[in-house]
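The sequence lines fix the lettering, A, B, ..., with proteins before strands; numbering per chain opens at 1.
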Amino acid sequence: MAYWLFKSEPNKWSWEDQLAKGKSGEEWDGIRNYQARNFMREMKLGDRGFFYHSNIGLEVVGIVEVCKTIHPDSTTDDPRWECVDIRAVAPVPNPVTLKAVKANPKLADMSLVTSMRLSVQPVKPAEWAEVCRMGGLDPKSV
DNA sequence: GCCAACGTTGGC
DNA sequence: GCCAACGTTGGC
């Protein structure tokens, strides 16, 4: 299983919005960046991801999973843009802030730190476990 | 609201 | 194919 990180501005699409969609999930549309799209193409059903609030909050607030693999983005007619669907799995009991990520030497190479502007990012298994631990989650249970 | 980083566009 | 101009993202 692979791990990812999804960024969203909470005033546009928040963790609460995602939670409200429940098990059916929601299209992760609006991505207009090739790198981000290419990562979504690599995603498989059941892959896990962090849900990160950018701009407001600046913290990892939830765990999501990929519930539909790559398909055309319904918000555009441009065939270049595709996306996956994700659904909420669990909230993070103690949201992990960007500040805390930056302060943790183990996470110095995380894309969140090194590729600040990328809106869909891969997360290494060790980083996944570390952020889960910081958030108060057992990595084995999510 | 500012501005740095960086991706994209378009003229040549 | 280069590179300057421009637009967007996102932390601060």
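- The aromatic rings of W4(A) and F39(A) sit tilted relative to each other, their planes meeting at an angle between 30° and 60°.
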Which atom pairs, donor and acceptor, lie under 3.5 Å between side-chain atoms of residues 134-142 of chain A and protein residues at least two apart or in another chain?
residue: D138(A); atom: OD1; partner: K140(A); partner atom: N; Å: 3.0
residue: S141(A); atom: OG; partner: D138(A); partner atom: O; Å: 2.8

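- Partners of Q121(A) by side-chain contact (heavy atoms from CB on, under 4.5 Å), not counting sequence neighbours, listed by chain and number: L5(A), K7(A), S111(A), L112(A), L118(A).
- With sequence neighbours excluded, the residues forming a side-chain contact (heavy atoms from CB on, under 4.5 Å) with T97(A) are E59(A), K99(A), A100(A), listed by chain and number.
- For residues 119-137 of chain A, the set of pairs meeting the salt bridge (Lys or Arg N to Asp or Glu O under 4.0 Å) definition, not counting sequence neighbours, comprises K106(A)-E130(A), K124(A)-E127(A), E130(A)-R133(A).
- Checked against side-chain contact (heavy atoms from CB on, under 4.5 Å), L58(A) has the following partners two or more places apart in sequence or in another chain: Y52(A), L98(A).
- Residue whose closest nucleotide on DNA chain B sits further toward the 5' end, between T114(A) and N55(A): N55(A).
- Under the rule for a side-chain contact (heavy atoms from CB on, under 4.5 Å), the partners of K12(A) that lie at least two apart in sequence or sit in another chain are E9(A).
- By the ring-ring contact (aromatic ring centres under 6.0 Å, His included) test, W15(A) is found to be paired with F51(A), residues two or more places apart in sequence or in another chain being considered.
- Note that the first and last nucleotides of DNA chain B, 5' to 3', having any atom under 4.0 angstrom from a heavy atom of chain A are dA5(B) to dT8(B).
- Remark: L98(A), K102(A) in residues 96-108 of chain A come within less than 4.0 Å of DNA chain C through at least one heavy atom.
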